Amino acid sequence: MNLTNLSVIMKISVKRGEQALQEIEIEFKNLLERDEYNNLVAHYMNDLEPIRQVNYYFETNDFRLKQQGAALRIREKTDAYVATLKQPVENGLLETHDTLTEEQFKAWCQDEITLGDNIRQQLNAIGIEESDIRYKGQLTTYRYERQDHDIILVLDYSDYNGMTDYELEVEAPSMDQGQAYFHNLLSQFNIPERHTPNKIARFFQSVN
């Protein structure tokens, strides 16, 4: 599975430690033009304020994570910091998480990286040590999110490396339900379906 080529992603989130937890998320993504984004915000989100979240991206200098189809980030949201390693698996995307303190987060951004047990185990299995990893930059997203029955509708406006983009995301409990909702929405607002690399792929494209 190529992380840069997906508009539909099945996620499996894993937490080790106190309790093993697996969660499958099905996501449909589509890049938007600015006017398309504004129309959707006005229609669905006009009573909401966006939530700011910042993704901090990490790689080896020789892009060994990318070569494995993997990606590593820290997400900052409401003063909480979570490191996430994404790895391709059959028919899905494996996400492994570790929670960081603010001090640990700041150290990571100075290339003083201490991996949590969950992510260390996954990286060691593919031959990557914490000393190999370097901070590469950040992407800031302003996110609108609304629940519509079993569907979560997300609108993102992101800034990174002098670039701006707009994105629609539909999260659903099943592939059929998500696909129907997603295509209905695009048809209703006359939005063409577009190739949509994920955020980390778009970030690294902007620095190449």
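Keep in mind the model is a prediction, meaning the values are calculated, not measured.
- At least one side-chain heavy atom of Y157 sits under 4.5 Å from a side-chain heavy atom of D159.
- Separation of atoms OH (Y135) and CG (L72) is listed at 12.5 Å; rounding is to 0.5 Å.
- No path of Ile, Leu, Val, Met, Phe, Trp and Tyr side chains, each step under 4.5 Å between heavy atoms, connects V54 with V154, placing them in separate hydrophobic clusters.
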List, one per line, each side-chain donor-acceptor pair under 3.5 Å for residues 176-190, sequence neighbours excluded.
residue, atom, partner, partner atom, Å
Y181, OH, D148, OD2, 2.9
H183, ND1, Q179, O, 3.2
H183, NE2, E193, OE1, 3.2

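- Every side-chain hydrogen bond (donor to acceptor under 3.5 Å, both in side chains) that E36 has, sequence neighbours left out, goes to R194.
- Proximity of the aromatic rings of F58 and W108 is defined here by a centroid distance below 6.0 angstrom, and this criterion is met.
- By the side-chain hydrogen bond (donor to acceptor under 3.5 Å, both in side chains) test, N39 is found to be paired with no residue, residues two or more places apart in sequence or in another chain being considered.
- By the 4.0 Å N-to-carboxylate-O rule, K29 lies close enough to E169 to be salt-bridged with it.
- In this structure, E130 pairs ionically with R120, as a charged nitrogen and a carboxylate oxygen lie closer than 4.0 Å.
- Scored by the side-chain hydrogen bond (donor to acceptor under 3.5 Å, both in side chains) test, R134 finds no partners at all (sequence neighbours excluded).
- Residues satisfying the salt bridge (charged side-chain N to carboxylate O under 4.0 Å, His left out) criterion with K199, sequence neighbours excluded, are D156, E167.
- Here F203 contributes atom CZ and D165 contributes atom CG; the two are 12.5 Å apart, rounded to the nearest 0.5 Å.
- For Y37, there are no side-chain hydrogen bond (donor to acceptor under 3.5 Å, both in side chains) partners two or more places apart in sequence or in a different chain.
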